[in-house]
Engineer: 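If you scroll down you'll find the structure; I have some questions about it.
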Amino acid sequence: MYSDKVMDHFMNPRNVGEIEDADGVGQVGNAKCGDIMKMYLKIEDGVIVDAKFKTFGCGAAVATSSMATELIKGKTIKEAEQITNKAVLEALDGLPPVKVHCSVLAEEAIAAALNDYKQRNGLTEDARYEACGGCCGGCGSYRDDETEDH
Amino acid sequence: MYSDKVMDHFMNPRNVGEIEDADGVGQVGNAKCGDIMKMYLKIEDGVIVDAKFKTFGCGAAVATSSMATELIKGKTIKEAEQITNKAVLEALDGLPPVKVHCSVLAEEAIAAALNDYKQRNGLTEDARYEACGGCCGGCGSYRDDETEDH
Amino acid sequence: MQKRVIYFDHAATTYVKPEVLDAMLPYFTQEYGNASSVYSIGRSNRKAIEDARETVAKCIGAMPNEIYFTGSGTEADNWAIKGAALAHRNKGKHIITSSIEHPAVLAPCEFLQKQGYDITYIPVDQDGLVNPADVDKAIRPDTILVTIMMANNEIGTIQPIKEIAQVCKKHGVLFHTDAVQAAGNIPIDVKDLGVDLLSVSGHKFYGPKGTGALYIRKGVKIESLIHGGHQERNRRAGTENVPGIVGFAKALELATQNLDAHYEKLYKLRERALEGIFEKIPHVRLNGHREKRLPGNLNVSFSFVEGESILLMLDMKGIKASSGSACTSGSLDPSHILLAIGLPHELAHGSLRLTFGESNTEEEVDYLVDCLAEIIDKLRRMSPLYEDFIKGEC
Amino acid sequence: MQKRVIYFDHAATTYVKPEVLDAMLPYFTQEYGNASSVYSIGRSNRKAIEDARETVAKCIGAMPNEIYFTGSGTEADNWAIKGAALAHRNKGKHIITSSIEHPAVLAPCEFLQKQGYDITYIPVDQDGLVNPADVDKAIRPDTILVTIMMANNEIGTIQPIKEIAQVCKKHGVLFHTDAVQAAGNIPIDVKDLGVDLLSVSGHKFYGPKGTGALYIRKGVKIESLIHGGHQERNRRAGTENVPGIVGFAKALELATQNLDAHYEKLYKLRERALEGIFEKIPHVRLNGHREKRLPGNLNVSFSFVEGESILLMLDMKGIKASSGSACTSGSLDPSHILLAIGLPHELAHGSLRLTFGESNTEEEVDYLVDCLAEIIDKLRRMSPLYEDFIKGEC
Ligand SMILES: Cc1ncc(COP(=O)(O)O)c(C=O)c1O
Ligand SMILES: Cc1ncc(COP(=O)(O)O)c(C=O)c1O
């Protein structure tokens, strides 16, 4: 069901953990839906010098968290903001249709952490970032019973 | 499905044929229902000295015809009239439920032939003997879907 | 003494080919995981099922996601008919079928009739053919489904499915065909035929019993027959019968690969039997269409004798066949199919169906013809109808 | 390198026992005749089916003519529920079930609801038990059927079926029980239980997939689900799956003969696993009743972690298990059963079901406990929920 890449990032997740003095922290999803991602960023001169995560969730949730942190490390904030769930998906050689929402969650987690950083530094006007609730199905990842196997 | 006795009387039917100068002839059943039995009797001094049959029908129809002729040979008319379908059934070690009507048909064929004899000899008032039409189900041999296998 | 056994009843059921059984075996004792599980043993089962689906799809010109595995041909027929009836009842409650369908189609129609649906039975001609123009005429604004079999189980007649499908399409009415007898004997291409729903059954083409499939054209709305878990893309619930599905697909694949040779072989055996019987036995008639029929199907009626008697005597010679006689069906009437093509009851009772298969030989056919000549003669000599006929002749 | 495989998912499906497969094999390639035929090859099949029916009847205390073979447990459930609903709709359209049924029961109920039936879902207590008094209270004059499972597939809780049957009898309402998980694990005697309808499935007791049976008490009126030919005494149409039926009966016979030893063995393995897990892993809870549960069923929830992750990591260790997490069911919610016993979503997502079987060993259980301790620790260390919990504690 999962690609080798996904299984690798699930069994050996990169960047698990917390950053004590993180410059931005974002959490998305909720326990009700079975997926919570928490992302910690260390940002220096507009560049993400470190990223760590903690995730409660399925294999895909862990793997997308792991891959997402890998993708943003060393990137500028601008660059990081342009990393979409598709990029995470592709980097993992794809996910089963029912798991696509996990990649969306990873994108949202990055955005939430970046937003937290901006807020702390007065770079945004939004009081609170509106993250995806994480509850599956809201982001176009609906199963299509007619056309797709799952 | 059939007992050995039935198969024996089907494969090696006794008394198949016609009696040219029969004293009584009876035919019951019809082609529509798939069973016709024709019975020929030779009767001397009130005793059935010979009996022959021709039958169009299934294995049970042939076997019951054969057994019925065997049972009545040598019997007096009175005795022959007392031979019921049950006697034929028992002599054949039974029949499957759906085939019980064949034994009834055999009983009726004997009765019809005896009746013909009586009529020819002025021993009865019935102009025509009312034989079973032979069409299955009319004689209590209905299948019971609830309780019996077939 | 081991009695010789000659099997001429392949339309009833076939043996499972050794290659098919071999393909199934690992899934009984080793690869037994639940196909819906996340762990690897389950995933190999899932793959086996999806591979089977692809194979089946290829064999009938469908897409894999148009194939749904069932527990029998009868279940596939029931699903198609009741499922379509339920899903489209807002449009209407009129269903059209033919007078020579298998009970797996007729009984669901009768069931629906009791639920307030209206069923039209299209009659057939003396060869058992449905006229597409009759279907055209029968379609009404409230018609929701036409179901007409591809090939008949008793007389082997093959229907003009493509033409009937065109008629249905013209009227925007769903079309289902019961291809249980056709599959593995004649080519099936659902796209070319233009059907919406098509049923098949594994044990008619050397696959396992208790397996079947329903083709549901993408986009066709149909209610489920068996509700429950998410199997078969939420449309047919129940833990997948993995060995059965694998065997079903393997059997259909083998049958489709060899279709021409299979057809040729069965056709030759059939013609040989037909010629032999007509040469050696008088008062016999062929039932079903002379050309438009399944290659392995021969159905004849012998005047003056009854079918079960023929079968029993053939059985004593080691030959297995079947008949449309009432006595063999457990019902009180002879085959509705034989009556529908206009046979009088007597001839319907005297019918014999011989359906040839891959392991039959010419020698077996010759033996059959000899046995039959002897048996029919013996039965006629004890038949009062034959007696009447002979007396009437002289 | 051949990876070690340890199967702890016997509630999902079992392997077919070699003796069972051996009993089936002749019917694939040799004894393949149609059981409805008059000739001898067909008759031996008919006998095989009727012997199987007698065996099954004996195993559950029924009469042979109360046993009907189906193509799955799901089909048996669908038949019981829809068949009873249709046959008794003149009396009323109210059906009672529980909130922890298998989809094979819930989905037919939901289907009927859409057809205008009224369904009452009886809640369960924190152990998953139905209170017979609740059934008593729920019965109305228009109630036609109560359907409550004998043993639960996820948490293993065994219901007071006899008491519920008495309640139903008192009110003259039909009672069906889904005994798919119970059969082969605990004794079943339909007369003693007093049920009217009872479903079982072959692949849960080391029999073949794609087989099942419905017990229909003599005298119970029920409409067919699959209409067609005369098989199964006109009640379940379709050419009989002879090897499947033979295997089903053989498996149930073996299971019933060895029931005490089977129970004892599974019970010991279960208790060993339970003790090991509670000893080595903190923040864990047992789901389902402590005593009134299937011998081989263990269901636990680990706080702060998600089930699919546990399964995947167990799979990497060669261990096959299952979970009530949404991620493993293909649906968006975690197990309705775990929610029904009052588990918060988080714990429902973190559930693990281990179901032991005849070939498991104590050594395997010990290995499981060690692996689990390691895996749960690893997953917790990457869980933001655990982080919050630890921070909250100090
Ligand atoms: C034309 C036709 N349709 C349907 C069926 C039903 O198939 P099954 O008995 O495998 O369910 C059969 C065979 O029995 C058949 O010949
Ligand atoms: C309690 C229960 N009922 C019904 C079923 C359905 O059985 P099957 O999948 O064999 O059709 C299952 C298992 O899947 C079950 O555990």
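By convention in this document, chain letters (A, B, ...) are assigned in the order of the sequence lines, proteins followed by strands, and residues within each chain are numbered from 1.
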Engineer: Using heavy-atom distances under 4.5 Å, tell me whether D/Met316 contacts chain C through its side chain, its backbone, both, or neither.
Structural biologist: neither
Engineer: Based on non-hydrogen pairs under 4.5 Å, which of C/Leu21, C/Val105, C/Thr70, C/Leu106 is most in contact with chain D?
Structural biologist: C/Leu21
Engineer: Quick one: do D/Lys320 and D/Ile6 satisfy side chain to side chain contact (heavy atoms under 4.5 Å, CB included)? Show the steps, please.
Structural biologist: CA-CA 6 Å; D/Lys320 318 297 172 186; D/Ile6 301 175; over 6 Å; no
Engineer: Heavy-atom distances under 4.5 Å only: say whether D/Asn78 touches chain C with side chain, backbone, both or neither.
Structural biologist: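 Contact with chain C: side chain only.
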Engineer: List the steps and the verdict of ring-ring contact (aromatic ring centres under 6.0 Å, His included) for D/Tyr27 and D/Tyr32.
Structural biologist: CA-CA 5 Å; D/Tyr27 297 95; D/Tyr32 54 89; over 10 Å; no
Engineer: Under 4.5 Å from any heavy atom of chain D, what part of C/Leu225 do you find: side chain, backbone, both or neither?
Structural biologist: both
Engineer: Between D/Pro243, D/Ser72, D/Ala237, which residue shows the highest count of heavy-atom pairs closer than 4.5 Å to chain C?
Structural biologist: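 Highest number of heavy-atom pairs under 4.5 Å: D/Ala237.
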Engineer: Go through the atoms of D/Phe28 and report whether side chain, backbone, both or neither lie under 4.5 Å from a heavy atom of chain C.
Structural biologist: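 Contact with chain C: backbone and side chain both.
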Engineer: In terms of the angle between their ring planes, are D/Phe248 and D/Phe69 parallel, tilted or perpendicular, with boundaries placed at 30° and 60°?
Structural biologist: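 Ring orientation, 0 to 90° scale: perpendicular.
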Engineer: Is D/Lys17 paired with D/Asp22 through a side-chain N to carboxylate O contact shorter than 4.0 Å?
Structural biologist: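 No.
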Engineer: Under a 4.5 Å heavy-atom cut-off, does chain D meet the side chain of C/Thr211, its backbone, both or neither?
Structural biologist: neither
Engineer: Who wins among D/Glu110, D/Glu75, D/Lys82, D/His102 for the most heavy-atom pairs under 4.5 Å with chain C?
Structural biologist: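 Highest number of heavy-atom pairs under 4.5 Å: D/Lys82.
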Engineer: Please check: side-chain N/O of D/Trp79 versus main-chain N/O of D/Arg236, any donor-acceptor pairing under 3.5 Å?
Structural biologist: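 Flag not set: sc D/Trp79 to bb D/Arg236 has no pair under 3.5 Å.
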Engineer: Look only at the side chain of C/His10 and the backbone of C/Gly357, and say whether a donor-acceptor pair between them is shorter than 3.5 Å.
Structural biologist: yes
Engineer: Find the one option among C/Gly238, C/Gly71, C/Cys109 whose heavy-atom pairs under 4.5 Å with chain D are most numerous.
Structural biologist: C/Gly238
Engineer: Under 4.5 Å from any heavy atom of chain D, what part of C/Ile226 do you find: side chain, backbone, both or neither?
Structural biologist: both
Engineer: Check whether C/Tyr117 forms a cation-pi arrangement with C/Lys93 (NZ or CZ under 6.0 Å from the six-membered ring centre, at most 45° off the ring normal).
Structural biologist: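 Verdict for C/Tyr117: a cation-pi partner in C/Lys93.
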Engineer: Check each atom of D/Ser201 against the heavy atoms of chain C and say whether the ones under 4.5 Å are side chain, backbone, both or neither.
Structural biologist: neither
Engineer: Under 4.5 Å from any heavy atom of chain D, what part of C/Val20 do you find: side chain, backbone, both or neither?
Structural biologist: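 For C/Val20, there is no contact with chain D at all, as no heavy atom is under 4.5 Å.
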Engineer: Can you measure from CZ (C/Arg235) to OG (C/Ser224) and round to the nearest 0.5 angstrom?
Structural biologist: 7.0 Å
